[in-house]
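So the structure is just underneath, and the comments pick up after that.
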Amino acid sequence: MIAIDSTPLIHLSKIGRLDILENCSLITTESVRGEVIIEGKVGASMFKQFFKRVEVVKLSERHIDIASSIAKSEGVHQADAELLLLAKRKKCTLLTNDRALVLLARSMGLKVWWVTTLILNLTNTGRLSKEEGKYILDDLIMSGMRIETGVYIRIQREIEIIGR
């Protein structure tokens, strides 16, 4: 199971590739859903449809209070802290592109994937072809997702050696 943050959803929706998450078991919080479904904004209806196949969890007041404390002490957003607690409680992989959230999650012993990790894993398992994985990566960068040049080169090389 993958606990999904808003940043991967926003980036993948920008390039019209939310479909790569179709066969993934996804879970998130109401706060994350609220970050991406904004009435009157472009894509709201698409996200409403997408969230029909995502388990959206309503956290208890106690967990929301704990998340608030984490958000204040660690300098992350409330929605991120809530998702972090959910991922920890459900023992699932956290999918995000938020560096602060990645660092905090790893410090708590959680398994974390960047969007690029997702693409590599889908390519490695054959759910995406090498070419499709490369195109998605390029499209994400062209749509504004930031990635260091060295990381981009390493991912391209990893995709290229898959299946050899």
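Remark: Glu74 CD to Leu101 CG distance equals 11.0 Å, nearest 0.5 Å. Atom CD1 of Ile153 and atom CD of Glu148 lie 11.0 Å apart (nearest 0.5 Å). Rounding to the nearest 0.5 angstrom, the gap separating the CG atom in Leu118 from the OG1 atom in Thr123 is 9.0 Å. To the nearest 0.5 angstrom, Ile162 atom CD1 is 14.5 Å from Arg157 atom CZ. Atom CG of Leu94 sits about 7.0 Å away from atom CG of Leu110, to the nearest 0.5 Å.
The shortest heavy-atom contact between Ala3 and Ala87 is CB-CB, 3.9 Å. Counting all heavy atoms, side chain and backbone alike, Ile37 lies closest to Ala44 at CG2-O, 4.3 Å.
Sorted by first then second residue, the side chain to side chain donor-acceptor pair (under 3.5 Å) pairs that include residues 103-120, not counting sequence neighbours, number zero. The stretch residues 82-92 participates, sequence neighbours left out, in these side chain to side chain donor-acceptor pair (under 3.5 Å) pairs: Ser31-Glu82, Gln78-Glu82.
Tyr152 is linked by a side-chain contact (heavy atoms from CB on, under 4.5 Å) to Leu137, Asp138, Ile141, Ile147, Gln156, counting only residues two or more places apart in sequence or in another chain. The side-chain contact (heavy atoms from CB on, under 4.5 Å) test applied to Glu132 returns Arg17, Leu128, Ser129, Ile136, not counting sequence neighbours.
Side-chain atoms of Val56 and Thr29, non-hydrogen and from C-beta on, never get closer than 4.5 Å to each other. Residues Ile119 and Leu140 meet the side-chain proximity criterion, which asks for heavy atoms closer than 4.5 Å. Between Asp5 and Val32, some side-chain heavy-atom pair lies under the 4.5 Å cut-off. Side-chain contact between Met1 and Glu55 is present, with at least one heavy-atom pair separated by less than 4.5 Å. Put simply, the side chain of Leu9 reaches to within 4.5 Å of the side chain of Phe51, judged on heavy atoms. With contacts defined as side-chain heavy-atom distances shorter than 4.5 Å, the pair Phe50/Met46 does not qualify.
In the hydrophobic cluster analysis, where Ile, Leu, Val, Met, Phe, Trp and Tyr join through side-chain heavy atoms closer than 4.5 angstrom, Phe47 is grouped together with Leu95. At a threshold of 4.5 Å between side-chain heavy atoms, the hydrophobic network of Ile, Leu, Val, Met, Phe, Trp and Tyr places Leu104 and Ile2 in two separate groups. Leu12 and Val112 fall into different hydrophobic clusters, where Ile, Leu, Val, Met, Phe, Trp and Tyr are joined by side-chain heavy atoms under 4.5 Å apart, directly or via other members.
Thr7 places a side-chain N or O within donor-acceptor distance of the main-chain N or O of Asn97, the cut-off being under 3.5 Å. At distances below 3.5 Å, not a single donor-acceptor pair connects side-chain atoms of Lys134 with backbone N or O atoms of Ile159.
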Donor-acceptor pairs are to be reported for all side-chain atoms of residues 57-69 against protein atoms at under 3.5 Å, with residues two or more places apart or in another chain.
unit_1, atom_1, unit_2, atom_2, d
Ser60, OG, His63, N, 3.1
Ser60, OG, His63, ND1, 2.9

Residues 21-28 side chain polar contacts: donor-acceptor under 3.5 Å, at least two apart:
unit_1, atom_1, unit_2, atom_2, d
Thr28, OG1, Ile4, O, 2.7

